[in-house]
Amino acid sequence: MSDPDTADDATSETVDSTDTTVPDGGTDTTPPETSAADAATGGRSGSRERSTGVREPATVRSETDPTETEPAEEDGDVSGDTATGLTVRSVTTRRTNRWVGVAGLSFLTGGLGVATSTRPLLLAAVVGVTYLAYANVSSAPAPSLSVTRQVSDPMPEPGDEVTVTVTVTNTGDRSIPDMRVVEQVPDALSVVEGPARAATALRPGAAVTFSYTVMARRGEFDLDGLTVIVRNASGSEEREYDVGTAPTTLTCVPPVDATEAVPLQALTSPYTGRVATDTTGSGVEFASVREYQHGDPLSRLDWNRYARDGSLATMEFREERMATVVLLVDLRPAAYVQSGEDGPNAVERSIDATHRLFNSLLDTGDRVGIAAFSEADIWLPPGAGPTHRAEARHLLATHPALSATPPAERVYVRPALRLLVGRLPDDAQVVFCSPMVDTAAAYVARRLHVRGHPVTVVSPDPTRRDTVGRTLASVERSNRLSDLRASGLRVIDWADDESLYEALERARRRWSA
Amino acid sequence: MTGYELVRRPSRRSVATAGAAGSFAVAASVPGGPTPTLIALAGVVALLAGVWAGRHRIVDGGALIAFGGVVVAALSGAGAMPVVFGSVAAVVAWDSGTNAVTLSDQVGGGADTARVEMLHALFSAAVGVVGGGLAFVLFRFGPTRQPVTTLFVLLLAAAVLVVALNR
């Protein structure tokens, strides 16, 4: 319990504070049984709007100065008994039935008192009936609340700790004897200091403030939900509100981070770049010497040879060309695996790898695009330039499908693959980031490879060998990788304790040898 | 994932609240003799263990045993006053205990729940005192001539009325 004015002192930077007022029951998501439940209790506490389901236009009020909260005078006329400041996504009213045992026990006691003619027991039964009345005379109040939320840093770097302060104010004119508030923290954010919950009783105009700290992770997160459970004093009835508040957004974009030059395969575009090809012409790496033809540039004449025997010869160099690379990320639910309890999962590592590869490829002058096997359609066509880089950075950081939590739905590989093949430029090669824990991923890599898009697999290793089952999975995976290598694909097996740079270096040495 | 772990167990203060109420129930059983006192004591200890462990069933069982102690005290000839207020104390102990367990389920033991818990216990105790006072007034000035069965039926009728009025 704290004064609303003092709540803001805790945070240096006040970011978001908005109040939205919507009459309870006026939202689309309110389940139909709610109106029935409200109608049942409407005689005592529900307003006419609620029980008949009449919708009222939403009133939205934004506070310009979030350090000032004026809970006492807010919207008291509109909603004496509805949850204001919020959109109510669902309401569940239930009886807790916690006094039923007391009722039964008091009758038993009374009966025993009658049977044994013990007057005090009969009187104890009177007490029981009093409690029964206590449990039955009141119902859970329909609260009128406003919620403000502040974060200490709306744009944290990954790994930063962000303190979120939530203030819930009772804006109604009735006291709330028992209110429990649970912040709906996005799954991908882990609370490092908490709890993100509070329980209190609120007089009209009073506020409760609680704060918690989350560890920021790559992504864009909306803090916009609260679960509010309100009980009457006896606790015989409770209402659970799932309320949506004005969102406070945490955007966590990792810093631009590149790795060393990425070894690429020989499929290139006709433009000059840095991948040495087998085509000869101008370049830096010596390839061969051939007979002089009319029109050859003087700079490529082999003057030593001319000095030796007077014949003209032209030196050929390996032409260096630009590659078009599409980074493909495996975001199927199967790819969300991790070794052990802690640490990033394979998808997180894949996305991190994509991020680094993208930047380094762009730095070396290649054209890079991004695609993914995921619920949502992710496709950034190959391109170059600072705008492209910014686009990719934003996409990788904030696209909801690229979050650290697995998607709810299955991802169908074949249609996604067909779509991808249709989009890939003819000269594009593919870097496929996948943990390769199932055959579907290997199938994808092979299909792309045979269609003429050379595939380099960057595979974060999520396996462990501490139990028999895990060892089996690990062996299966390494067999799968070996099969891919045998089919002519390049595979970078990226171990858990190794940096991407090390893995790339190891692979490069093997390939050039 | 490393981070904050939600403690799904009531805090020490919750146990203390239930214990304070429970001690009244034990004290009220003393006039009945040593057996009811021991029963009530065992019940209260079980109740507190249940609160500490965050287990509803144990709290319920403990409260039942504690109340049983009060009933045995009544059967052993304890007066109306200790029995009525012993019952109230048992109910308050049970009520604050289960409330603490529910709270710890919903918001965890780490949150500051003192205010809401105290308020809950106070309400509960106040209702008990009012009910007990009512019972006591009935005992002193009520219709002593009526057969006990009639009183019981009246009590049932009152309960049914209370419930029916709220449906």
Side-chain angles (χ1 to χ4, degrees), chain A residues 1 44 96 98-99 101-103 105-107 109-114 116-134 136-137 139 177-182 190-201 210 212-215 227 229 231 233-235 341-342, chain B residues 1-7 60 64 67 70-71 73-75 77-88 91 94-95 98-99 102-103 106-108 110-113 115-117 119-120 123-124 127-128 130-132 134-136 138-139 148-149 151-152 155-156 158-159 162-163 165-166:
Chain A
M1 203 51 210
R44 291 193 306 278
T96 55
R98 57 197 296 269
W99 291 98
V102 171
L105 199 62
S106 62
F107 292 135
T109 314
L112 192 66
V114 171
T116 58
S117 298
T118 317
R119 248 187 133 92
L121 282 186
L122 208 56
L123 297 182
V126 173
V127 173
V129 173
T130 318
Y131 275 110
L132 192 60
Y134 172 54
N136 274 278
V137 288
S139 58
D178 188 334
M179 182 182 79
R180 295 136 195 221
V181 187
V182 181
S190 57
V191 177
V192 291
E193 211 181 302
R197 293 149 186 256
T200 190
F210 61 95
Y212 59 95
T213 306
V214 292
M215 177 84 80
T227 302
I229 300 169
R231 285 184 160 205
S234 62
E341 297 295 310
D342 289 334
Chain B
M1 237 0 79
T2 51
Y4 180 80
E5 288 279 333
L6 208 59
V7 189
D60 290 351
L64 195 64
F67 182 67
V70 177
V71 169
L75 293 176
M81 190 72 143
V83 172
V84 166
F85 288 101
S87 316
V88 170
V91 171
W94 166 83
D95 186 29
T98 49
N99 187 49
T102 319
L103 260 178
Q106 289 179 345
V107 301
D112 178 21
T113 55
R115 184 186 170 85
V116 69
E117 276 184 63
L119 201 71
H120 190 92
F123 266 118
S124 185
V127 169
V130 168
L134 186 74
F136 210 67
L138 278 179
F139 179 65
V148 149
T149 327
L151 288 178
F152 182 61
L155 204 61
L156 266 182
V162 162
V163 175
L165 278 177
N166 284 285

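These numbers come from a predicted model, not from an experiment. To find a chain, count down the sequence lines: A is the first, B the second, and so on, and within it residues start at 1.
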Enquirer: For the pair B:R115 (side chain) and A:T200 (backbone), establish whether a donor and an acceptor sit closer than 3.5 Å, ignoring hydrogens and angles.
Expert: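 No: the side chain of B:R115 does not pair with the backbone of A:T200.
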Enquirer: With the side chain counted from C-beta on, respond yes when B:L75 and A:L121 share a heavy-atom pair under 4.5 Å apart, and no when they do not.
Expert: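 Yes, side chains in contact.
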Enquirer: Side chain, backbone, both or neither: which part of B:F67 has a non-hydrogen atom closer than 4.5 Å to chain A?
Expert: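 Only the side chain of B:F67 comes within 4.5 Å of chain A.
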Enquirer: As a quick check of understanding, evaluate side-chain contact (heavy atoms from CB on, under 4.5 Å) for A:T130 and B:V127, giving each step before the final call.
Expert: CA-CA 7 Å; A:T130 318; B:V127 169; 4.1 Å; yes
Enquirer: What heavy-atom pair brings B:A74 and A:T118 nearest, and what distance separates the two atoms?
Expert: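 Heavy atoms only, the tightest pair is O-CG2, 3.6 Å.
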Enquirer: Give, as side chain, backbone, both or neither, the part of A:L132 having an atom under 4.5 angstrom from any heavy atom of chain B.
Expert: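 Both parts, backbone and side chain.
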Enquirer: Side chain from CB out, backbone as N, CA, C, O: work out which of these in A:A125 comes under 4.5 Å of a heavy atom of chain B, or both, or neither.
Expert: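 When you check distances to chain B, atoms from both the backbone and side chain of A:A125 fall under 4.5 Å.
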Enquirer: Taking all non-hydrogen atoms of both residues into account, name the closest pair between B:A78 and A:P120 and its distance.
Expert: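 So the two residues come closest at O-CG, 3.8 Å.
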Enquirer: Considering only heavy atoms and a distance below 4.5 Å, find which of B:L119, B:V91, B:V130 pairs most often with chain A.
Expert: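 That would be B:V91.
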Enquirer: Checking side-chain contact (heavy atoms from CB on, under 4.5 Å) for the pair B:Q106/A:T227: CA distance, chi angles, key distance, verdict?
Expert: CA-CA 10 Å; B:Q106 289 179 345; A:T227 302; over 6 Å; no
Enquirer: At their closest point, which heavy atom of A:A124 faces which heavy atom of B:V83, and how far apart are they?
Expert: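 Shortest heavy-atom separation between A:A124 and B:V83 comes out as CB-CG1, 4.2 Å.
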Enquirer: A:R98 vs B:N99, test: side-chain contact (heavy atoms from CB on, under 4.5 Å). Steps then yes/no.
Expert: CA-CA 10 Å; A:R98 57 197 296 269; B:N99 187 49; 3.9 Å; yes
Enquirer: Counting only non-hydrogen atoms closer than 4.5 Å, does A:T116 touch chain B with its backbone (N, CA, C, O), its side chain (CB onward), both, or neither?
Expert: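 Contact with chain B involves the side chain of A:T116 alone.
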Enquirer: Is a side-chain N or O of A:R180 found less than 3.5 angstrom from the main chain of B:V107, in a donor-acceptor match?
Expert: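 Looks like no, no N/O pair under 3.5 Å.
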Enquirer: Please test A:V126 against B:F136 for side-chain contact (heavy atoms from CB on, under 4.5 Å), starting from the C-alpha separation and ending with a verdict.
Expert: CA-CA 9 Å; A:V126 173; B:F136 210 67; over 6 Å; no
Enquirer: What's the separation between atom OG in B:S124 and atom OH in A:Y131, rounded to the nearest 0.5 Å?
Expert: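 One gets 4.0 Å once the value is rounded to the nearest 0.5 Å.
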Enquirer: I'd like to know whether OH of A:Y212 has more than 12 heavy-atom contacts from other residues, nucleotides or ligands below 6.0 angstrom.
Expert: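 Enclosed.
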Enquirer: Looking at chain B, which one of A:T96, A:T109, A:L112, A:T213 has the largest number of heavy-atom pairs inside 4.5 Å, strictly under?
Expert: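 So the answer, after comparing A:T96, A:T109, A:L112, A:T213, is A:T109.
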Enquirer: Check each atom of B:L64 against the heavy atoms of chain A and say whether the ones under 4.5 Å are side chain, backbone, both or neither.
Expert: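 For B:L64, side-chain heavy atoms alone lie under 4.5 Å from chain A.
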Enquirer: If you take all heavy atoms of A:A201 and B:V116, which pair is closest and at what distance?
Expert: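 Between these two residues, the closest heavy atoms are N-CB, 4.2 Å.
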Enquirer: With a 4.5 angstrom heavy-atom cut-off, which part of B:L103 approaches chain A: side chain, backbone, both or neither?
Expert: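 Backbone plus side chain of B:L103, per the 4.5 Å heavy-atom cut-off to chain A.
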Enquirer: Would the distance check show the side chain of B:H120 and the main-chain N or O of A:A233 forming a donor-acceptor pair, the cut-off being under 3.5 Å?
Expert: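 Yes; judged by distance alone, with no hydrogens or angles, the pair exists.
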Enquirer: What part of B:D60 lies closer than 4.5 angstrom to a heavy atom of chain A: side chain, backbone, both or neither?
Expert: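 Neither part; nothing is under 4.5 Å.
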Enquirer: Tell me the closest heavy-atom pair linking B:A80 and A:L123, and the distance in Å.
Expert: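 That would be CB-CD1, 3.8 Å.
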Enquirer: A:G235, A:S106, A:G111: which one forms the most heavy-atom pairs within less than 4.5 Å of chain B?
Expert: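 So the answer, after comparing A:G235, A:S106, A:G111, is A:G111.
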Enquirer: State, yes or no, whether a side-chain contact exists between A:W99 and B:D95 at a heavy-atom distance under 4.5 Å.
Expert: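 A:W99 vs B:D95: side chains touch.
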